[in-house]
Amino acid sequence: MNRLDNDRNAWGWPNLMLWALCLGVGLVPDKVFYLFRDIAAVPTQRALVNHPMMISVALAIYVALFVLRQCRLLGCEESGAEARALQAGVIALVAFLPGVVDVLFAVGDIADPRLRRFVYLAGAGKLTCWFYLSMLMFRCYALGHHRAFVTMLLGDMPRERQPRESRL
């Protein structure tokens with residue numbers, strides 16, 4: 001029995017709740033950033049970081065490192081683990097983009113239909129990536145599919161790439 005099988009039984013739901021908190025912060029990082037800055041009463045001129053993208057990048061790096069660790073624990077090949085971590089990091093970066101949700105609520109004020117379609121596309125991309133990460137965490141912690149990170153969108157990668165035959 002794998003070490004992860006024992007860990008997930010007792011800590012599955014608490015871990016899922018912590019991930020729900022992180023994913024909730026990632027859904028609206030700009031609101032959380034400005035809320036924390038207002039609570040701390042830090043003026044813009046004295047702040048070390050003045051953009052909510054800091055939260056997005058930090059969460060994306062954390063997700064990527066978490067997926068890398070999980071893939072290594074499950075015995076995934078190193079190159080496959082790194083590829084999945086990179087994939088998860090990019091998906092998380094898109095999922096945690098700041099400002100997209102606010103613009104979606106004000107899309108009716110945009111006069112140019114091409115720009116309006118772009119906003120809808122950006123919002124759909126962000127929400128799709130966010131939903132994918134949410135379901136990935138739900139599969140892992142609530143349903144007990146421990147190999148959820150190994151079988152991400154990349155699927156099971158072959159161990160060795162076969163050279164393509166040259167066409168003449």
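Residue indices begin at 1 and follow the sequence shown.
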For this session: Can you run down the side chain to side chain donor-acceptor pair (under 3.5 Å) pairs that involve residues 93-115, sequence neighbours left out, and say none if there aren't any?
Result: none

Exercise. Should Trp130 and Leu97 be counted in the same cluster of Ile, Leu, Val, Met, Phe, Trp and Tyr side chains packed under 4.5 Å apart?
Worked result: no

Problem set entry | Residues forming a salt bridge (Lys or Arg N to Asp or Glu O under 4.0 Å) with Arg139, sequence neighbours excluded | none

Exercise. Under 4.5 Å between side-chain heavy atoms, hopping through other hydrophobics if needed: is there a path connecting Val57 to Phe36?
Worked result: no

For this session: Would you mind reporting whether Met137 and Asn15 have side-chain heavy atoms less than 4.5 Å apart?
Result: no

For this session: Might you work through the side-chain contact (heavy atoms from CB on, under 4.5 Å) test for Glu78 and Arg72, ending with a clear yes or no?
Result: CA-CA 7 Å; Glu78 187 65 26; Arg72 284 179 178 166; 2.6 Å; yes

For this session: May I have the step-by-step check of side-chain contact (heavy atoms from CB on, under 4.5 Å) for Tyr141 and Met17, ending in yes or no?
Result: CA-CA 10 Å; Tyr141 290 113; Met17 293 301 114; over 6 Å; no

For this session: Determine, stepwise, if the pair Leu16 / Phe138 fulfils side-chain contact (heavy atoms from CB on, under 4.5 Å).
Result: CA-CA 7 Å; Leu16 185 62; Phe138 185 79; 3.9 Å; yes

For this session: Keeping the roles fixed (side chain from Asp30, backbone from Gly99), state whether a donor-acceptor pair exists under 3.5 Å.
Result: yes

Exercise. Under a 4.5 Å cut-off applied to non-hydrogen side-chain atoms, are Lys31 and Leu35 in contact?
Worked result: no

Problem set entry | Side chain His51, main chain Met53, donor-acceptor under 3.5 Å | yes

For this session: Answer whether the closest heavy-atom distance between the side chains of Met152 and Tyr132 falls below 4.5 Å.
Result: yes

Problem set entry | Partner set under ring pair (Phe, Tyr, Trp, His ring centres under 6.0 Å) for Tyr62, not counting sequence neighbours | Trp19

Problem set entry | Residue pair Val100 / Leu127, side-chain heavy-atom distance below 4.5 Å | no

Exercise. Is there a path from Ile61 to Ile55 through hydrophobic residues (I, L, V, M, F, W, Y) whose side chains come within less than 4.5 Å of each other?
Worked result: no

For this session: Output all residues satisfying side-chain contact (heavy atoms from CB on, under 4.5 Å) with Phe131, sequence neighbours left out; order by chain, then residue number.
Result: Met135

Exercise. Does any pair with a residue in residues 116-129 pass salt bridge (Lys or Arg N to Asp or Glu O under 4.0 Å), and if so which ones, sequence neighbours excluded?
Worked result: none

Exercise. Is there a donor-acceptor pair closer than 3.5 Å between any side-chain N or O of Arg84 and the backbone N or O of Gly80?
Worked result: yes

Exercise. Heavy atoms, side chains only, cut-off 4.5 Å: are Phe149 and Leu68 in contact?
Worked result: no

For this session: Kindly work out whether a path of hydrophobic side-chain contacts (I/L/V/M/F/W/Y, heavy atoms less than 4.5 Å apart) joins Met54 to Val25.
Result: yes

Problem set entry | Test side-chain contact (heavy atoms from CB on, under 4.5 Å) applied to Gln70 and Val150, step by step | CA-CA 8 Å; Gln70 291 296 105; Val150 176; over 6 Å; no

Exercise. Between the main-chain N or O of Leu93 and the side-chain N or O of Ser56, is there a donor-acceptor pair closer than 3.5 Å?
Worked result: no

Problem set entry | Sub-4.5 Å side-chain heavy-atom contact between Leu59 and Cys22 | yes

For this session: Sequence neighbours left out, what pairs pass salt bridge (Lys or Arg N to Asp or Glu O under 4.0 Å) with at least one residue falling in residues 18-27?
Result: none

Problem set entry | Heavy-atom neighbours of Tyr34 OH exceed 12 at 6.0 Å | yes

